[in-house]
Amino acid sequence: MPLYTPPLRDMQFVLHEVLRVTDEFKAMPAHAETDIDTVNAVIEEAGKFAAEVTFPLNITGDEEGCVLDKETHEVKTPTGFKDAYAKFVEGGWAALSCEPAFGGQGLPFVLNQCLYEMLNSANQAWTMYPGLSHGAYEALVAHGTEAQKKTYLPKLVSGEWTGTMCLTEAHCGTDLGLLRSKAEPQADGSYRLTGNKIFISAGEHDMAANIIHLVLARLPDAPKGSKGISLFAVPKYIVKVDGSLGERNPIHCGGLEHKMGIHGNATAQIVMDGAVGSLVGEPNKGLAAMFVMMNAARLGVGNQSLGLTEVAYQNALAYAKDRLQMRSLSGVKAKDKEADPIIVHPDVRKMLLTAKAYAEGGRALQIFCTLLLDKEHHHPDEKVRKDSGELVALLTPIVKAFITDNGHIATNACMQVFGGHGFIKEWGMEQFVRDNRINMIYEGTNTIQSLDLLGRKVLGNNGATLKKFGKLVGALVAEEGVNEKMSEFITPIAVLGEQLTKFTMEIGFKGSQNPDEVGAAAVDYLRVAGHFVFGYLFARMAQVALREIAAGNTDPFYVAKLQTARFYFAKLFPETATLMRTARAGSKSLMDTDAALA
């Protein structure tokens with residue numbers, strides 16, 4: 001049976017010692033009274049909920065899965081899921097960072113992200129039910145009409161209702177311009193939607209009284225392609241004028257996908273047969289409205305892999321300390337035992353430290369990004385809001401793709417630590433690998449994220465936003481450049497910063513002559529950029545640790561943080577050299593291959 005302990009100490013380190021979030025909150029009137037004690041109390045209780053309520057349901061939820069009644073189209077979730085969700089709603093967790101105007105608690109989004117990291121460690125499949133609701137909430141806050149906000153937001157905020165995003169159709173995944181679902185205007189101002197959607201996470205379940213589907217569809221006179229897509233709110237049950245639930249809307253689950261992982265989440269095939277919906281935002285501008293939800297989901301998916309990386313690491317570490325296998329290459333370490341624990345072996349340590357470094361780097365990046373989101377939405381200074389929004393846009397594809405790729409590396413490494421036992425279901429490790437695998441695929445595959453980063457976010461504005469992040473790195477380099485104890489952390493990011501500038505210009509020039517050059521380099525480019533961001537954050541974490549040690553703090557946490565940072569820069573960060581070399585190899589060896597791929 002796996003174990004899980006919420007990583008509160010590391011969260012508090014990033015929140016309070018590295019990013020000093022409460023100092024940042026003081027500049028935001030909406031969050032000015034959120035102090036350290038409040039932050040700590042919230043994440044401690046969140047950790048208890050994750051560890052005690054949802055974590056015990058992870059294996060059983062995977063084994064049971066969801067069951068569809070084909071006559072009623074109702075879905076039964078695994079045993080305990082519904083009760084756990086009721087406790088989630090009762091505890092006010094759904095409302096944590098939502099606006100007080102809609103019944104929310106109004107706490108910073110940073111705290112919501114910490115809650116969801118721990119929920120994802122505990123049970124990713126369960127966590128996707130409330131997680132998608134938060135994205136629907138954000139889309140309606142940004143683009144909903146006053147009537148839609150009044151009808152839907154209080155119930156989504158409380159958690160009484162849940163939300164979904166209905167994008168994908170069988171013939172089109174990423175290319176939403178090909179979608180065929182139709183929306184016919186009605187005399188009363190509503191719309192009737194017809195069509196089929198697939199891969200709809202949490203698309204049907206028994207955990208909430210109503211489900212609000214946000215659906216992409218085409219109006220009769222819509223132009224072709226992505227410019228002709230509109231967004232609609234389509235409830236499972238029609239909502240009456242007084243807010244009570246009326247008749248069943250003709251939108252239902254026609255089937256459940258049989259999947260590699262996340263078995264406890266209902267991945268539904270959704271059928272619409274004249275379902276009643278209302279337009280969200282402007283006609284033919286649905287993608288802009290949906291992107292609010294999609295970007296929230298992309299940060300959320302990165303958080304899913306962060307959670308799985310953390311829980312996989314914890315279990316692999318515990319196993320490596322206990323499992324006896326051979327003797328250390330440098331001599332007997334456990335003289336009282338017939339063999340040494342496998343943690344003495346260098347490569348076992350490499351696998352463990354890889355997972356640890358990717359968890360701690362991912363946590364720092366997630367909290368860094370959500371603090372930027374809080375500033376974008378709540379800071380009184382317009383320039384701060386604008387700069388924060390641009391940095392979030394730049395970092396979102398890195399959060400989604402880099403953290404999920406790293407989660408794949410880390411969960412597989414942690415399963416490997418268990419040897420043959422890792423391949424056996426009872427230890428729980430293979431489930432972490434299976435559950436994580438979807439994270440690299442949905443909300444835009446990681447290749448799509450790479451194209452978004454390089455093509456739109458970097459080359460699209462001639463590297464202007466990348467330069468803004470580079471200024472943060474430059475400020476740290478200037479601050480610590482003469483500190484010998486920081487040189488092992490500062491020099492690598494300073495060098496990579498210079499290399500990344502030249503690297504970007506080179507790809508941009510090649511891409512202007514042949515767009516396939518951008519496509520060929522994009523995935524490697526994103527990993528280089530990901531390491532640049534991780535390197536900056538690890539340097540900041542090392543900076544704090546060194547200062548604490550110099551001040552006489554004997555907490556071993558700081559020594560551990562330095563050791564993890566040194567491992568990261570020595571063993572993981574150098575991947576950037578190989579990535580830049582393979583990216584520079586260009587597109588010819590990929591595209592001039594018709595014979596090889598015949």
Side-chain angles (χ1 to χ4, degrees), residues 61-86 89 125-133 135-136 151-152 155-156 159-173 179-184 186 190-217 231-240 244-259 261-278 280 293 438 442:
D62 181 63
E63 291 172 344
E64 286 186 35
C66 296
V67 179
L68 170 66
D69 184 323
K70 293 186 178 181
E71 291 187 7
T72 64
H73 304 295
E74 299 288 337
V75 169
K76 183 181 183 300
T77 52
T79 303
F81 271 42
K82 185 176 181 178
D83 290 341
Y85 186 75
V89 172
W126 182 92
T127 302
M128 290 167 64
Y129 292 100
L132 284 159
S133 300
T151 300
Y152 298 127
K155 297 292 188 180
L156 286 172
E160 293 173 71
W161 299 350
T162 62
T164 75
M165 51 195 297
C166 293
L167 289 74
T168 307
E169 298 179 8
H171 59 281
C172 66
L179 70 81
R180 299 170 186 160
S181 294
K182 297 178 180 179
E184 294 283 347
Q186 304 298 301
S190 67
Y191 295 80
R192 289 278 182 174
L193 282 84
T194 304
N196 298 278
K197 300 288 184 177
I198 63 167
F199 302 159
I200 308 306
S201 300
E204 175 59 37
H205 58 81
D206 58 355
M207 289 163 54
N210 204 4
I211 301 172
I212 311 305
H213 301 280
L214 291 188
V215 182
L216 291 180
L231 181 64
F232 302 86
V234 184
K236 175 180 175 180
Y237 289 97
I238 302 294
V239 183
K240 297 180 182 178
S244 64
L245 297 183
E247 64 184 16
R248 184 77 160 80
N249 208 0
I251 178 171
H252 67 263
C253 177
L256 291 176
E257 307 292 353
H258 299 277
K259 302 165 295 183
I262 56 169
H263 294 154
N265 195 270
T267 305
Q269 301 165 9
I270 294 295
V271 178
M272 297 175 290
D273 187 15
V276 178
S278 57
V280 178
M293 189 173 187
I438 186 57
Y442 61 10

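Just so it is clear, the structure is predicted and the values come from calculations on it, not from any experiment.
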Any Lys/Arg nitrogen of R192 or E184 sitting under 4.0 Å from an Asp/Glu carboxylate oxygen of the other?
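Result for this pair is no, no salt bridge flagged.
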Does the distance from a Lys or Arg side-chain N to an Asp or Glu carboxylate O, for E64 and K76, drop under 4.0 Å?
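Salt bridge absent between E64 and K76.
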Does [Y] offer a backbone N or O that forms a donor-acceptor pair with the side chain of [X] under 3.5 Å?
X    : Y    : result
D273 : P250 : no
K197 : L167 : yes
N265 : S201 : no
E169 : S181 : yes

Any idea which heavy atoms bring [X] and [Y] closest together, and the distance?
X    : Y    : value
A183 : F232 : CB-CZ, 3.3 Å
C66  : G264 : SG-O, 3.3 Å
A202 : L132 : CB-CD1, 4.0 Å
G203 : T164 : CA-CG2, 4.0 Å
G65  : P78  : O-CG, 3.3 Å

Test item: [X] and [Y] side chains (from C-beta on) under 4.5 Å apart, heavy atoms:
X    : Y    : answer
E204 : I211 : yes
I198 : E257 : yes
I251 : L193 : no
T267 : I200 : no
L231 : L214 : yes
M128 : I262 : yes
Y152 : P235 : yes

Passing candidate, ring-ring contact (aromatic ring centres under 6.0 Å, His included) with H205, options F81, Y129, Y85:
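Answer after filtering F81, Y129, Y85: Y129.
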Taking N249 as the fixed residue, which of I238, V239, N210 is the one that meets the side chain to side chain contact (heavy atoms under 4.5 Å, CB included) rule?
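Exactly one pass, corresponding to I238.
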Find the distance between [atom1] ([X]) and [atom2] ([Y]) and round it off to the nearest 0.5 Å.
X    : Y    : atom1 : atom2 : answer
M272 : H252 : CE    : NE2   : 11.0 Å
D83  : T77  : CG    : OG1   : 9.0 Å
H263 : H258 : NE2   : NE2   : 10.0 Å
H213 : I270 : NE2   : CD1   : 5.0 Å
T162 : I212 : OG1   : CD1   : 8.0 Å

Would you find more than 12 non-hydrogen atoms of other residues, nucleotides or ligands less than 6.0 Å from K182 atom NZ?
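For K182, atom NZ is not crowded (no more than 12 foreign heavy atoms under 6.0 Å).
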Atom CZ of residue position R248 - does it have more than 12 heavy atoms of other residues, nucleotides or ligands inside 6.0 Å?
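Yes.
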